[in-house]
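Numbers here simply count residues along the sequence, with the first being 1.
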Amino acid sequence: MQKLGKITTVSPSGNALVKVENPPKIGSEVVDENLHVVGKVFDIIGPVSAPYIVIKPTVREPARLVNKPVYLLLSKTQRSKRDK
């Protein structure tokens with residue numbers, strides 16, 4: 001599991017924003033600390049020096065996620081590369 005950051009806000013359209021240092025690929029699944037999927041990376045916005053990811057939530061009330069940390073689940077191949 002790789003920590004992405006905390007959800008800073010939820011847009012009027014219901015998308016969650018997270019400031020990140022290393023943005024993941026669009027389409028990556030995002031989970032909470034209990035490994036429940038909260039959504040997928042929908043877009044990457046902002047300047048290259050301070051990017052944000054836009055998460056399309058799959059949970060009913062995305063506003064409850066504000067200030068909560070979210071994580072990227074690493075695939076088995078990424079985990080094995082990281083462990084070397």
Indicate every side-chain donor-acceptor pair of residues 47-61 with a distance under 3.5 Å to a residue at least two apart or in another chain.
| residue | atom | partner | partner atom | Å |
| --- | --- | --- | --- | --- |
| Thr58 | OG1 | Val38 | O | 3.4 |

For [X] and [Y], which heavy atoms make the closest approach, and how far apart are they?
X: Val10; Y: Pro62; result: CG2-O, 3.5 Å
X: Lys3; Y: Pro69; result: CE-CB, 3.9 Å
X: Thr8; Y: Val66; result: O-CG1, 3.7 Å

**Request:** Taking the side chain as every heavy atom from C-beta outward, state whether Leu17 and Ile45 have any atom pair closer than 4.5 Å.
**Result:** yes

**Prompt:** Would Ile7 end up clustered with Ile44 when hydrophobic side chains under 4.5 Å apart are linked, directly or stepwise?
**Reply:**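 Ile7 and Ile44: one cluster.
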
**Prompt:** Could you give the distance from CD (Glu33) to CE (Met1), rounded to the nearest 0.5 Å?
**Reply:** 8.5 Å

**Request:** Any chance you could measure Asn67, atom CG, to Thr9, atom OG1, to the nearest 0.5 Å?
**Result:**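 So the gap between those two atoms works out to 9.5 Å.
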
**Message:** Looking at Asp32 and Asn34, would you say the former's side chain and the latter's main chain have a donor-acceptor pair under 3.5 Å?
**Reply:**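 Side chain of Asp32 to backbone of Asn34: a pair is present.
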
**Request:** Please identify each residue that fulfils side-chain hydrogen bond (donor to acceptor under 3.5 Å, both in side chains) with Ser11, with sequence neighbours left out.
**Result:** Ser13

**Request:** Determine whether more than 12 heavy atoms belonging to other residues, nucleotides or ligands lie under 6.0 Å from atom OH of Tyr71.
**Result:**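 More than 12 heavy atoms, drawn from other residues, nucleotides or ligands, come within 6.0 Å of this atom.
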
Cut-off 3.5 Å, no hydrogens considered: what does the side-chain donor-acceptor table look like for residues 22-31, sequence neighbours left out?
| residue | atom | partner | partner atom | Å |
| --- | --- | --- | --- | --- |
| Ser28 | OG | Lys25 | O | 2.7 |

